[in-house]
Amino acid sequence: MPLNLNIKKVLVCDAVDKSCVELLEQHGINVTYKLKLPMAELCDEVKNYDAAIVRSDTKITAEVLAAGAGSLKVVGRAGAGVDNIDVPAATAHNVVVLNTPGGNSISACELTCILIGSLARPVVPAGQSMKEGRWDRKLYAGTELYGKTLAVLGLGRIGREVAVRMKTWGMRIIGYDPITTEAEAKAAGIEKMTLEEIWPLADYITVHTPLIPATRNLISTETLAKCKQGVKVVNVARGGIIDEQAVLDGLESGKVAGAAFDVYPEEPPKSAVTKALIGHPKVVATPHLGASTSEAQVRVAVEVAEQFIALNGTSPKYTSYAGVINKDALAHYQ
């Protein structure tokens with residue numbers, strides 16, 4: 001039985017590319033922009049709409065979902081993570097939560113590869129030294145990626161894309177994922193292993209998992225102790241997957257030779273540990289730029305709009321809502 005959620009009015013809470021609004025309006029859906037609303041105002045507003053679109057700034061809490069009960073049917077995240085949406089509360093109120101998991105895959109993958117390269121060749125501090133008038137050729141000697149072993153933890157879209165690219169640089173790619181099969185890993189040029197097999201082999205480790213209880217502090221003091229002396233780590237996934245204090249300690253002891261972070265447990269960072277990590281001379285830090293490309297912004301904007309239209313069941317062209325996180329909520333409309 002086809003769905004028809006009858007989405008007529010959409011509230012856009014965070015800045016999204018105009019292509020999203022244009023596509024929704026072409027299909028008879030009215031769109032209102034109200035950005036960065038305080039919590040109380042958001043609760044007042046949400047009851048007037050069938051759906052809301054957010055990025056990472058707006059928090060869709062249990063309070064917001066309770067305020068929208070009876071009217072709000074869908075919350076769309078123009079991006080991959082849904083950390084800022086209370087999914088259990090949404091399900092309890094029959095609110096469908098969806099994301100755009102494929103929209104920023106290439107952009108996040110490319111940033112990961114660039115950060116791996118910047119750990120091998122210290123272009124960031126070398127470039128800064130040049131701007132300051134110095135000529136430190138010997139100070140910024142690096143290492144080749146060729147022949148080194150890269151461990152990819154999480155073999156979803158982004159992890160596999162990273163593997164394919166870094167393999168062309170001559171790296172050996174090993175990886176872990178509890179769901180991906182050995183055949184799927186092999187197709188991307190990855191040797192699938194257990195975590196215990198991976199730790200002592202990796203020269204570089206990059207994480208591409210969601211942040212869930214099983215992956216929080218996946219890289220910790222305990223796991224780093226099993227790694228090679230001088231291992232390098234990269235996190236372009238979610239803050240909290242890598243224990244920042246463990247990496248900071250490892251940088252000081254020499255266990256960790258370098259680290260690159262694009263994401264943090266708190267954004268913007270406020271904790272003393274995170275600030276110390278960002279300021280460390282062997283760390284390359286960027287302000288959550290994984291999806292910050294013009295191509296990704298268009299892609300996620302269009303993808304969230306396409307899924308809203310598919311949920312209305314009014315278009316023969318747009319029929320997929322593959323980004324739905326809580327399929328139990330969908331059952332209410334079938």
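We count residues from 1, following the sequence as given.
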Before you tell me yes or no, could you show the steps for F308 and H27 under ring pair (Phe, Tyr, Trp, His ring centres under 6.0 Å), namely the whole-Å CA-CA distance, both residues' side-chain angles and the distance that decides it to 0.1 Å?
CA-CA 10 Å; F308 277 23; H27 287 79; over 10 Å; no
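Of the charged side-chain nitrogens involved, none lies within less than 4.0 Å of a carboxylate oxygen, so that E303 and R299 do not count as a salt-bridged pair. A salt bridge links E196 with K226; the closest basic N to acidic carboxylate O contact falls under 4.0 Å. Salt-bridge check for D203 with K232: failed, with every basic side-chain N at 4.0 Å or more from each acidic carboxylate O. The pair D136-R134 meets the salt-bridge criterion, since a charged nitrogen lies less than 4.0 angstrom from a carboxylate oxygen. A salt bridge between R238 and D83 is present, with a side-chain N of the basic residue lying under 4.0 Å from a carboxylate O of the acidic one. Electrostatic pairing of E191 and R172 counts as a salt bridge here, judged by a charged N lying under 4.0 Å from a carboxylate O.
For the pair T112/M166, no side-chain contact is recorded, criterion being any heavy-atom separation below 4.5 Å from C-beta on.
Across all their heavy atoms, E161 and R165 have their closest contact at OE1-NH1, 2.6 Å. Residues D86 and A62 approach most closely at OD2-CB, 3.7 Å, considering heavy atoms. A pairwise comparison of heavy atoms in V236 and A108 identifies CG1-O, 4.0 Å as the closest pair.
Counting Ile, Leu, Val, Met, Phe, Trp and Tyr side chains that sit under 4.5 Å apart, directly or through other members, I114 stands alone, with no cluster partners. With a 4.5 Å cut-off between side-chain heavy atoms of Ile, Leu, Val, Met, Phe, Trp and Tyr, the cluster of V164 takes in none.
The hydrophobic cluster containing I205 also contains L211, counting ILVMFWY residues as joined when their side-chain heavy atoms lie under 4.5 angstrom apart, directly or transitively. Residues I53 and L98 are members of one and the same hydrophobic cluster, defined by side-chain heavy-atom contacts under 4.5 angstrom among Ile, Leu, Val, Met, Phe, Trp and Tyr. A single hydrophobic cluster is not seen to contain both L150 and I198; linkage of ILVMFWY side chains at heavy-atom distances under 4.5 Å, directly or through other members, places them apart. V302 and V31 fall within a single hydrophobic cluster, where Ile, Leu, Val, Met, Phe, Trp and Tyr side chains are chained together by heavy-atom contacts under 4.5 Å. Under the 4.5 Å side-chain contact rule for hydrophobic residues, L155 and L111 share a cluster.
Separation of atoms CG (L72) and OH (Y49) is listed at 11.5 Å; rounding is to 0.5 Å. In this structure, CG on L5 lies 5.5 Å from OH on Y333, to the nearest 0.5 angstrom.
Checked by atom type, the side-chain pair D262/T286 shows a donor-acceptor distance below 3.5 Å. For Q26 and E22, the side-chain atoms include no donor-acceptor pair closer than 3.5 Å.
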